[in-house]
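One-based numbering, in listed order, for ligands and for the atoms of each.
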Amino acid sequence: MEKLVIEGGYTLKGKVEVSGSKNASLPIIAATILCDGEYKIDNVPNLRDVRTLLKLLSLLNIESRLDRSKVLLKNKNDNGAYEAPYDLVKTMRASILVLGPLLAKRRKARVSLPGGCAIGERPVDQHIKALKQMGATIDIEHGYIVAECDSLKGADIYFDLVTVTGTENVLMAAVLAKGKTTIYNAAIEPEVIDLANFLIKMGAKIEGVGTKTITVYGVDSLSPANYSVMNDRIEAATLMCAAAITGGDVEIVGVPQEYLTTVFEKLSETGVNIEFVDDKKVRVYSLGRLKAADVTTQVYPGFPTDLQAQFMALMCVADGVSVVTETIFENRFMHVAELKRMGADIRLKDRSAVVNGVKRLSGAHVMASDLRASASLVIAGLVAEGETHVHRIYHLDRGYEFFDKKLNGLGAKIKREKNGV
Ligand code: UD1
């Protein structure tokens, strides 16, 4: 297995570009199930998760070619193909995103239940409940969600909690349902807005995008469309954390600034300097030791759970004590034990981590447990004394395009080796 070997102690300097958003690309690509024809989707990151979804679509008779950051897709509509097998779903939970569009277009879906993952149980009960309300018959058989309908009907959907992919699945189902669907307590994450904009470009009728109540008026059919995906706000913020921890000075190009207000505020609180060069570019620099700051993850526009681990790496070497509280996932602290192996002083108490900043971390062998945890370990490795070996970086490759290359372009010393465990 591949690992990253990071030689700590180099200050990051220079310019780096943010890639297209993974979490926006996945639902947008899944939405091509909704209509046969050809699509060109731009600004898609070349990532393992994207390739997994394209492999899944090929089983559904949707051909694709990923060429740099462009995906060309050809949906040859085949109502006989409606299965997302365990082999693929187990490597990427977001495969659940094919459930809504398959039901809406092919009237049938057999999608492996995602099951738990390193950051918690992560059920999909809200997806299932909503699609049943829209007229689907859904059973769980042999570990699969087996769903069928004559046609989906509009309904009033009340989510018990805010779910990003749940909202996306229902949106994709509702655009071809008969009548009006209202989604209450909808997710307002920017990636949901990007999906809705793509669906609107395909001819969907959607109102209230970006608010907690979305109304969809079902149409009889859609048309294929071309689209350019938004940039990745989590990657942008991760790069900011990497620059900041090294006391660096980095210009980050392609930052979706309007979606990062909370993150900018939190980083400023720790003493990171953020300069808005223009509406796309942000200069990040830090001088001296960062200050401890408490953070609590929340649904958008709160502080993203997908940035909790990276922020914690900063807090590990900040001056003072910070409390990092995770409210979205019940078990998203797998990075804590690994950061402690590098000398971090962290105590876990219920859903919080109390981080007592230390003067220095020391390089160690650490194991990536999930996507964002792996980014956190790489960030910590940038300032640790000696070498940090981050194992199981297939997690990192699921969600960060050229992460090690981008950091090396800024002066980091990271090698990719094959002899990981
Ligand atoms: C998406 C993002 C992920 C991010 C998360 C929260 C994608 C591909 N992934 O994941 O990067 O960390 O949003 O911002 O966009 N829940 C239920 N029942 C459900 C659905 C969710 O109990 O049916 C719970 C989950 O276990 C979790 C919370 O709701 O505790 C939020 O999950 P959700 O927003 O659905 O996360 P994902 O959409 O899977």
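- The N/O atoms of Lys22, backbone and side chain alike, include none that comes under 3.5 Å of an N/O atom in ligand 1.
- Below 3.5 Å of separation, one finds no N or O of Glu330 facing any N or O of ligand 1.
- Residue-ligand proximity: Arg332 is placed with a non-hydrogen atom under 4.0 Å from ligand 1.
- Inclusion of Arg372 in the set of residues having an N or O under 3.5 Å from an N or O of ligand 1 is not warranted.
- Ligand 1 has no atom lying under 4.0 Å from any heavy atom of Arg93.
- The existence of a salt bridge linking Lys132 and Asp125 is excluded, since no basic side-chain nitrogen approaches an acidic carboxylate oxygen closer than 4.0 Å.
- Contact annotation: Pro123 has at least one heavy atom less than 4.0 Å from an atom of ligand 1.
- Note on Asp397 versus Arg416: salt bridge recorded, some NZ/NE/NH1/NH2 to OD/OE distance being below 4.0 Å.
- In the vicinity of Val162, heavy-atom distances shorter than 4.0 Å reach the ligand 1 atoms 31 (C), 34 (O).
- Closest approach of Tyr39 to Ala225, counting heavy atoms only: CD2-O, 3.2 Å.
- Geometrically, ligand 1 and Thr165 share a nitrogen or oxygen pair separated by less than 3.5 Å.
- Close approach of ligand 1 to Gln126 is summarised as follows: ligand atoms under 4.0 Å from at least one heavy atom of the residue are 18 (N), 19 (C), 23 (O).
- Listed by chain and residue number, Lys76 satisfy the side-chain hydrogen bond (donor to acceptor under 3.5 Å, both in side chains) test with Glu63 (two or more places apart in sequence, or in another chain).
- Between Thr305 and ligand 1, a contact under 3.5 Å exists for no N or O pair.
- Nearest heavy atoms, Leu152 versus Leu131: CD2-O, 4.4 Å.
- For a threshold of 3.5 Å applied to N or O pairs, the pair formed by Glu168 and ligand 1 contains no separation below that value.
- Without hydrogens or angle criteria, Glu38 side chain to Pro224 main chain gives no donor-acceptor distance under 3.5 Å.
- Distances shorter than 4.0 angstrom do not occur between any heavy atom of Asp160 and any atom of ligand 1.
- Donor-acceptor pairing under 3.5 Å is recorded for the side chains of Asn43 and Asn231.
- Sorted by first and then second residue, the salt bridge (charged side-chain N to carboxylate O under 4.0 Å, His left out) pairs with a member in residues 190-207 read Glu191-Arg233; sequence neighbours excluded.
- Taking the six-membered ring for Trp and thresholds of 30 and 60 degrees, Phe276 and Phe264 have ring planes more than 60 degrees apart, a perpendicular arrangement.
- When non-hydrogen atoms are compared, ligand 1 lies under 4.0 Å from the backbone of Val164 as well as from its side chain.
- Of all atoms in ligand 1, listed by their number and element, those nearer than 4.0 Å to a heavy atom of His127 are 23 (O).
- Per-residue contacts place Val124 under 4.0 angstrom from the following atoms of ligand 1 (heavy atoms of the residue considered): 19 (C), 23 (O).
- Below 3.5 Å of separation, one finds an N or O of Ile328 facing an N or O of ligand 1.
- Gly154 approaches Thr181 most closely through the heavy-atom pair CA-OG1, 3.2 Å.
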